[in-house]
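Sequence lines set the chain letters: A, B, ... in the order given, protein chains first and strands last, and positions in each chain run from 1. Hydrogens, waters and symmetry mates play no part in the numbers below; they use all other heavy atoms, side chains included. Given the structure is predicted, the values throughout are model-derived calculations rather than measurements.
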Amino acid sequence: MSTATPLATVLIDGNNFYASCEALLDPAVLGRPLVVLSNNDGCIVSRSAEARALGIPMGAPFFQVRPQLERHGVIVRSSNYSLYGDMSQRLMATLESWVEELEVYSIDEAFGVLHRPRTSAGSGADLLAWGQALRQAVRQRLGLPVAVGIAPTKVLAKIANRLAKHSPSLPQPGVFDLGAVADPDPWLEAIAIEEVWGIGRRLSRWCRLRGIRDARQLRDMPSGELRLRCGVVGLRLQRELRGHPCLPLVSLPAAKKETCVSRSFSTPITTVAELREAIATYLSRAAEKLRRQRQCAGSLTVFVRSSPFSGRPFYSNAATITLPLASDDTAVLLAAALPLADRLFHPHHPLQKAGVLLQALQSANQLQHHLFSPLPAAQQARRESLLATIDALNARYGRGTIQWAACGLRSPWAMRRSRLSRSGTTRLEEVPVVWA
DNA sequence: TCTGGGGTCCTAGGACCC
DNA sequence: TCTGGGGTCCTAGGACCC
């Protein structure tokens with residue numbers, strides 16, 4: 001067993017993924033500053049390198065930076081998730097063949113495991129070359145730029161990836177191997193505490209107050225203190241920084257425990273009829289997801305809230321119902337959810353956002369032909385085939401081709417997406433690929 | 001006028017049981 | 001009167017991620 005080669009963890013992720021996808025669709029924007037907005041055209045969620053260089057802040061509300069964007073002639077795009085999702089699938093399919101095991105961590109990043117080749121000099125040159133070849137393959141096949149971080153643990157691979165992106169004058173640009181450097185300390189000191197994976201706003205403030213300003217200091221601080229404030233999560237993080245893997249690779253995603261669909265409204269909702277339509281719309285999307293995941297929901301929550309920025313008193317409320325029998329049937333779930341919407345609506349509180357959470361999820365396979373099914377078996381089978389047909393038609397011809405009457409038509413509150421790169425039904429076949 | 005959406009994990013505390 | 005001890009399950013809330 002001592003013959004096993006040591007493992008290396010890699011993190012591969014897309015540079016400015018959404019912005020890069022937009023450039024793929026319209027090569028004319030290449031080399032020009034571009035930003036992508038969140039749903040409802042709310043905030044900036046992705047920037048091209050040129051937009052970043054102009055100092056456009058990530059996460060800024062669009063209306064606040066709009067003058068700055070216009071002044072610099074920045075191209076602005078609504079987010080086009082069907083495009084990003086398609087490109088993500090192709091990226092992950094490519095990465096599959098480059099690593100031993102792959103964990104798809106988010107739409108634009110994945111962890112992988114590799115065997116680290118032994119070299120007498122211990123230089124690690126082989127993995128740098130490997131990373132460079134991977135970047136070239138992805139660029140050729142998909143036209144997307146990626147960065148590659150290599151290290152002994154996931155937390156360190158995240159850091160290596162960051163260094164790969166932001167350190168100028170690396171021998172292999174876009175690739176960094178933290179396991180191959182003689183002394184990692186100066187590199188860890190270049191990572192501000194806020195940039196460490198797992199340290200969010202609250203914990204970074206706490207660290208700063210204790211004089212912990214970078215990843216190296218976090219690694220070396222007393223474990224007891226960290227444990228007291230952050231529990232086992234903090235300890236695991238610190239061990240990973242010290243090079244001991246604590247976070248396993250998750251190549252088979254676990255079944256979802258809950259599924260949520262929520263949106264902000266383009267204009268505030270002031271009538272119960274509109275709220276019912278919105279909830280019905282979100283619920284039917286959530287039920288679709290549930291059926292795709294082959295799950296049924298045992299309980300369901302509807303939540304609403306007013307705008308925290310309106311100057312009026314903030315209103316936030318939620319109601320939960322446990323279903324007598326777990327279900328994935330839109331009609332059954334609607335019958336449970338709409339009365340909750342009625343209960344939560346308040347005429348004096350214009351609503352800015354609402355959502356539906358499906359909870360206590362269980363595998364649909366275990367429930368089929370349930371003894372206590374409210375419908376006779378034949379009727380139940382017809383019902384399932386009807387839902388499957390609706391899902392198939394909506395998948396083939398676009399969302400909303402067939403929908404429940406309760407969802408309403410042409411809703412004034414629906415999400416704003418005024419700068420979509422292409423008409424809503426982007427299909428992968430339409431995407432022109434640039435051969436770099 | 002205008003501030004995203006969808007998740008996970010951990011912990012503390014209460015309810016309930018024997 | 002005064003108030004065991006150990007266990008499980010559930011929920012709410014906090015913190016984090018992209």
*If you measure from the P atom in B:dT3 to the same atom in C:dC17, how many Å do you get, rounded?*
24 Å
*Between atom CG of A:Asp329 and atom CG of A:Leu290, what is the distance when rounded to the nearest 0.5 Å?*
10.5 Å
*Whole angstrom value for the distance that separates P of B:dT1 from CZ of A:Phe309*: 15 Å
*Would you check if there is a donor-acceptor pair between the side chains of A:Ser78 and A:Asp41 at a distance under 3.5 Å?*
yes
_Is A:Phe63 stacked against the base of B:dT3, taking the criterion as centroid distance under 5.5 angstrom and interplanar angle under 30°?_
no
*Between A:Leu54 and A:Gln68, what is the shortest heavy-atom contact and its length?*
O-NE2, 3.9 Å
_Atom pair distance, as rounded to whole Å: CD1 in A:Ile107 and P in B:dG5_ = 15 Å
*A:Val233 or A:Asp41: which one's nearest nucleotide on DNA chain B is closer to the 5' end?*
A:Asp41
*Between C:dC18 (P) and A:Asp13 (CG): distance, integer Å*: 9 Å
*Would you find a donor on one side and an acceptor on the other, under 3.5 Å apart, between the side chain of A:Thr259 and the backbone of A:Ala286?*
no
_Same-atom distance (P) from C:dG4 to B:dA15, integer angstrom_ = 16 Å
*Upstream residue (5' side of DNA chain B) when A:Ser266 and A:Gly231 are each assigned their closest nucleotide*: A:Ser266
